[in-house]
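Structure record follows, encoded as structure tokens.
Computed from a predicted structure; not experimentally measured.
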4 protein chains.
Amino acid sequence: MTNIAVIGLGIMGLPMALNLVQAGHTVAGFNRSPERAERLAEAGGRAATSVADALAGAEVVITMVPDSPDVVALAGGDDGIIANAAPGTIWIDASSIRPDVAKQVADEARAAGLRPLDAPVSGGEQGAIDGVLSIMVGGEQSDFDAALPVLQGVGKTIVHVGPSGAGQTVKAANQLIVAVNIQALAEAILFLEAYGVDTEAALAVLGGGLAGSKVLDQKGRKMLDRDFAPGFRLALHNKDLGIVTGAAREAGIVVPLGAHVAQLVGSTVAKGDGGLDHSGLFKLTLAAAGRE
Amino acid sequence: MTNIAVIGLGIMGLPMALNLVQAGHTVAGFNRSPERAERLAEAGGRAATSVADALAGAEVVITMVPDSPDVVALAGGDDGIIANAAPGTIWIDASSIRPDVAKQVADEARAAGLRPLDAPVSGGEQGAIDGVLSIMVGGEQSDFDAALPVLQGVGKTIVHVGPSGAGQTVKAANQLIVAVNIQALAEAILFLEAYGVDTEAALAVLGGGLAGSKVLDQKGRKMLDRDFAPGFRLALHNKDLGIVTGAAREAGIVVPLGAHVAQLVGSTVAKGDGGLDHSGLFKLTLAAAGRE
Amino acid sequence: MTNIAVIGLGIMGLPMALNLVQAGHTVAGFNRSPERAERLAEAGGRAATSVADALAGAEVVITMVPDSPDVVALAGGDDGIIANAAPGTIWIDASSIRPDVAKQVADEARAAGLRPLDAPVSGGEQGAIDGVLSIMVGGEQSDFDAALPVLQGVGKTIVHVGPSGAGQTVKAANQLIVAVNIQALAEAILFLEAYGVDTEAALAVLGGGLAGSKVLDQKGRKMLDRDFAPGFRLALHNKDLGIVTGAAREAGIVVPLGAHVAQLVGSTVAKGDGGLDHSGLFKLTLAAAGRE
Amino acid sequence: MTNIAVIGLGIMGLPMALNLVQAGHTVAGFNRSPERAERLAEAGGRAATSVADALAGAEVVITMVPDSPDVVALAGGDDGIIANAAPGTIWIDASSIRPDVAKQVADEARAAGLRPLDAPVSGGEQGAIDGVLSIMVGGEQSDFDAALPVLQGVGKTIVHVGPSGAGQTVKAANQLIVAVNIQALAEAILFLEAYGVDTEAALAVLGGGLAGSKVLDQKGRKMLDRDFAPGFRLALHNKDLGIVTGAAREAGIVVPLGAHVAQLVGSTVAKGDGGLDHSGLFKLTLAAAGRE
């Protein structure tokens with residue numbers, strides 16, 4: 001069993017830490033608001049009082065924070081991971097951030113003797129709770145192999161996709177597909193409702209054909225019910241689409257539907273709906289059709 | 001067992017007719033180019049020489065033709081279905097056509113004593129061969145019930161979604177989702193290739209998360225291999241997107257990604273790629289990024 | 001001077017008829033709601049009681065009605081133009097309708113011995129009042145030449161652009177450009193406001209460079225003032241964009257920004273703003289950015 | 001008359017410098033490839049051998065370089081403007097760069113005792129040669145007033161639009177409008193050609209109505225002739241659209257057509273056409289319609 005530090009005990013980080021405890025690992029957790037760490041302690045982990053405290057004795061550190069600057073901030077500084085982790089520590093960053101930032105942070109960590117992996121996840125809060133996340137991992141093959149037993153405590157589909165940054169690149173592609181698929185479903189349901197079709201029956205038959213998808217399975221019901229409780233927030237998806245459209249521009253390629261859906265998601269946030277689940281694209285779609 | 005006429009023995013119609021023979025039905029088939037009907041005859045069906053000949057003795061007629069005008073032409077005229085089908089015949093139109101045309105043809109058929117169902121399918125050539133099509137059916141409940149045993153010979157997910165025309169409305173929604181999902185996948189793979197990620201590994205992990213879909217399962221491999229052999233042709237998908245965008249306009253709603261992808265699919269056809277599988281949207285996506 | 005019938009005395013038709021009276025022509029006008037014809041009579045024209053009455057003695061008939069079906073209805077029937085116009089009458093249809101319908105109506109009129117021209121206009125209510133409309137004319141060169149003195153009574157830039165239907169094709173292109181240019185301006189002003197720039201100064205300098213346009217000159221002020229009083233209504237522009245996107249699809253070409261702006265204009269109408277001036281695209285643009 | 005240094009003697013910078021000589025100013029020019037400076041010297045200016053040399057005695061320095069990093073590089077360092085310009089020097093940066101970078105560079109320059117203005121221009125090579133550029137100026141009012149006599153040597157419409165950075169913000173808005181207007185014109189001409197309309201006549205009549213614009217006047221002819229010689233290069237316009245879409249995202253607003261046209265312009269560059277004039281969007285539009 002492994003001695004693990006988990007930094008960031010939010011919607012995703014806490015259930016991941018709890019699953020690691022369940023799997024028999026020794027887990028110390030740190031979070032800015034300490035009550036989240038208390039919940040870990042109640043379940044058999046340890047509530048750390050700082051990043052340095054969490055890292056004491058850790059063979060593996062997992063970070064799960066919202067955005068690129070948070071990871072950069074965690075990496076450096078006197079209380080940061082690079083200053084406090086023992087040489088040889090495996091650092092699994094499960095946050096979803098910019099691929100170029102991930103690569104740069106990994107380079108710095110590696111120069112300091114750490115073994116960094118970018119390992120963003122897909123599957124949402126429920127996937128984190130159930131321990132069935134998909135994890136797309138960038139970094140050295142040997143570091144991936146060493147981290148795999150720990151990752152198996154939180155995920156089901158765990159794939160090494162390339163060098164440092166590659167995990168984030170795949171996550172960016174994931175977010176592009178998911179946003180576009182959600183919007184496609186939203187437009188389809190709007191269309192069906194406008195024509196007075198039995199939408200429950202329609203979703204059943206759509207799910208059985210080439211239109212079937214995880215998005216249809218997980219978000220169709222929510223759209224029919226106008227239930228936009230998160231789940232995964234539009235504000236975070238908007239950040240991710242900024243990453244993917246920016247990275248596409250950097251690479252000199254074009255992603256027309258990706259850029260289009262980024263505008264639609266950006267609009268939901270601008271209108272004050274950033275706290276809704278990303279199925280809330282349906283709310284915008286209804287409004288644009290005068291049917292809200 | 002039922003006496004069935006099948007009109008239109010193309011890529012979809014012939015395997016459907018063959019499956020009905022296998023299921024023990026008596027099947028007469030008619031096709032403009034008679035060699036397709038010969039293949040049915042070799043498998044135990046009967047090669048009819050005209051629509052009227054196919055309809056002789058039929059309790060159920062299934063039509064599977066490319067577009068709205070083809071169905072209208074089949075319905076009327078001296079050699080048409082309405083003139084030649086016995087009263088009470090169930091007419092299952094499995095073609096994908098305009099919902100308003102489907103409704104109008106059904107009204108005429110019903111006035112002539114027939115029992116019309118619009119029953120477009122999803123699942124492609126392979127789904128037709130395997131007899132596992134999704135079938136979205138519009139029409140009277142009692143006619144649906146009567147037709148169900150026959151439909152079970154060609155499909156797996158068979159759902160009554162509303163009155164005449166509703167099947168076509170759901171099919172239009174299906175085509176919107178499928179086209180948008182294909183384009184999303186195309187952009188995601190372009191993005192991954194541009195960043196040099198291991199795309200096979202990436203598709204594996206994407207398929208395990210919220211980005212997973214039938215489109216990813218069935219079209220991802222084709223895109224990686226640049227294999228755009230049909231399958232379902234872009235020219236037909238373009239016709240279908242004309243239906244869905246036109247019907248959305250009729251209904252006074254807006255479907256932004258649907259309208260956008262209709263332009264992209266329209267471009268593939270304009271460039272001469274209408275004969276490719278709809279996964280050929282990836283070819284356009286590569287070309288737009290200078291990576292063809 | 002010429003004996004002229006004007007059918008349709010709406011926002012555009014009445015000032016055109018009044019200008020023809022001013023120019024010295026003999027003008028009879030017919031309108032469904034007769035008070036509009038009274039205003040023509042007060043200014044020196046004649047209030048006709050039917051299409052047939054208006055056509056009595058007319059050498060030229062001008063029609064100005066909202067949409068394709070209105071022109072078709074005016075053409076045929078016992079009280080229609082074809083049945084009541086004297087052979088050799090020049091029929092100037094100034095309505096904005098589908099090019100294919102314009103061609104078909106012209107063919108029928110020509111077969112009946114009339115001299116049809118499709119002659120849609122650009123310039124709006126103010127242009128009609130000032131008699132400075134741009135007129136794009138399709139039809140026979142000789143008919144255009146014969147009609148020119150009359151057209152000069154209502155317009156300034158009057159150009160023969162091709163055979164019957166060509167006028168409507170150019171008008172469709174006009175409406176595509178105008179809608180896209182309006183939306184471009186709306187997004188630019190939103191951008192400037194979001195950054196707190198002096199928008200009046202900005203519009204002044206933008207107008208002096210390559211961004212300068214009639215749309216900027218005529219609609220910029222309205223946007224700054226949130227003055228969306230028509231002018232040209234979004235509902236009519238939406239109809240026109242349906243024409244242009246439909247005709248583009250017919251021709252097998254793609255017009256990506258045209259299709260995109262058609263969705264945006266469609267959304268304004270769906271949200272109940274179809275009665276606003278087309279500069280009201282700015283209202284939608286503000287709303288999408290949470291700044292309404 | 002004023003002692004002026006001009007740094008960057010490219011397509012725009014050289015004719016601006018020549019016009020300043022003509023206007024009676026004392027002009028020293030520096031360019032990386034010295035033959036451009038020689039042309040200035042032949043016309044009565046001075047060919048400087050370094051930035052520092054150009055700045056010797058200068059009361060005003062004008063910089064005209066391609067992108068944000070170029071301006072940053074010019075500002076700092078031992079041979080940079082801040083290190084070498086005399087206190088009180090007016091620094092007019094006529095480059096088109098990111099508004100936030102412009103503001104930051106201006107802050108640094110002001111802290112060093114300089115009087116910075118961001119003053120990007122519109123009007124293209126011809127406008128620079130003719131001395132009729134539109135100039136959108138950000139900075140202190142008093143610095144604008146002091147710089148105005150110099151700016152009048154190169155431009156016609158010269159407007160102070162706000163504090164430092166505001167000039168670049170207006171330029172970004174300018175580039176959004178111009179790109180969208182060009183694409184609108186491209187789609188309109190494609191549409192007209194597809195229907196076989198007399199495009200010369202059509203452009204004449206379109207120019208007389210609400211569709212009229214500088215873009216139509218200056219780029220319509222080029223499109224009809226398939227003459228895509230620059231002019232203003234697509235690669236630079238692509239850079240500018242990256243600025244405007246990025247700044248829109250920063251500001252939390254959405255610019256749907258701007259984002260869409262950024263994809264189209266990005267595609268021209270990806271396909272290797274970045275060296276064409278921005279009217280080359282018509283080439284992409286033709287290709288997408290299979291009409292190249």
Pick from [options] with the largest number of heavy-atom pairs that fall under 4.5 Å of chain B:
| options | answer |
| --- | --- |
| A:Ser213, A:Gly290, A:Ala247 | A:Ala247 |
| A:Ala211, A:Gly162, A:Ser122 | A:Ala211 |
| A:Ala173, A:Ala288, A:Gly252 | A:Ala173 |

Give a yes or no answer on whether the side chain of [X] reaches the backbone of [Y] with a donor-acceptor pair at less than 3.5 Å.
| X | Y | answer |
| --- | --- | --- |
| A:Asn19 | A:Ala128 | yes |
| B:Lys171 | B:Ala119 | no |
| A:Asp118 | A:Pro120 | no |
| A:Asp227 | A:Ala229 | yes |
| B:Ser134 | A:Gly209 | yes |
| A:Lys283 | A:Phe228 | no |

Looking at [options], which has the largest count of heavy-atom pairs under 4.5 Å with chain A?
| options | value |
| --- | --- |
| B:Asp217, B:Val132, B:Val215, B:Thr169 | B:Thr169 |
| B:Thr157, B:Val159, B:Val161, B:Leu210 | B:Leu210 |
| B:Ala166, B:Gly212, B:Gly167, B:Gly138 | B:Gly212 |

Q. Hey, are A:Asp145 and A:Gln141 close enough side-chain-wise for a donor-acceptor pair under 3.5 Å?
A. yes

Q: Measure A:Val121 against the heavy atoms of chain B and call it side chain, backbone, both or neither at under 4.5 Å.
A: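 Contact with chain B involves no heavy atom of A:Val121 at all.
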
Q) So, for B:Gly165 and B:Ala102, which heavy atoms are closest and what is the spacing to 0.1 Å? A) CA-CB, 4.3 Å

Q.
Looking at A:Asp277 and A:Arg233, is there a salt bridge between them, counting it only when a charged N and a carboxylate O are closer than 4.0 Å?
A. no

**Q.** Salt-bridge present (A:Lys271, A:Glu292; N to O < 4.0 Å)
**A.**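 Not counted as a salt bridge, because no side-chain N and carboxylate O are separated by less than 4.0 Å.
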
Q. Counting only heavy atoms not in B:Lys222, do more than 12 fall under 6.0 Å of its NZ?
A.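 Yes, NZ of B:Lys222 has more than 12 neighbouring heavy atoms, counting only those of other groups under 6.0 Å.
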
Q. Are there more than 12 heavy atoms of other residues, nucleotides or ligands under 6.0 Å from atom NZ of A:Lys214?
A. yes

With chain A as the partner chain, list the residues of [range] whose heavy atoms fall under 4.5 Å from it, by residue number, and write 'none' if nothing qualifies.
| range | value |
| --- | --- |
| residues 176-192 of chain B | B:Leu176, B:Ile177, B:Val178, B:Val180, B:Asn181, B:Gln183, B:Ala184, B:Leu185, B:Glu187, B:Ala188, B:Leu190, B:Phe191, B:Leu192 |
| residues 253-265 of chain B | B:Ile253, B:Val254, B:Val255, B:Pro256, B:Leu257, B:Gly258, B:His260, B:Val261, B:Leu264 |
| residues 196-208 of chain B | B:Val197, B:Asp198, B:Ala201, B:Ala202, B:Ala204, B:Val205, B:Leu206, B:Gly207, B:Gly208 |

Q | side-chain contact (heavy atoms from CB on, under 4.5 Å) between B:Val170 and B:Asn174, intermediate numbers included | A | CA-CA 6 Å; B:Val170 176; B:Asn174 184 81; 5.5 Å; no

Q: Would you sort out whether A:Gln126 and A:Asp130 count as a side-chain hydrogen bond (donor to acceptor under 3.5 Å, both in side chains), showing the intermediate values?
A: CA-CA 6 Å; A:Gln126 198 59 48; A:Asp130 298 343; 3.2 Å; yes

Q.
Tell me every residue that passes side chain to side chain contact (heavy atoms under 4.5 Å, CB included) with A:Ile158, counting only those two or more places apart in sequence or in another chain.
A.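 Side chain to side chain contact (heavy atoms under 4.5 Å, CB included) check on A:Ile158 returns A:Ile135, A:Val137, A:Phe144, A:Leu148, A:Leu151, A:Gln152.
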
Q.
Can you tell me which residue among A:His278, A:Gln175, A:Arg98 is in a side-chain hydrogen bond (donor to acceptor under 3.5 Å, both in side chains) with A:Asp240?
A. A:Gln175

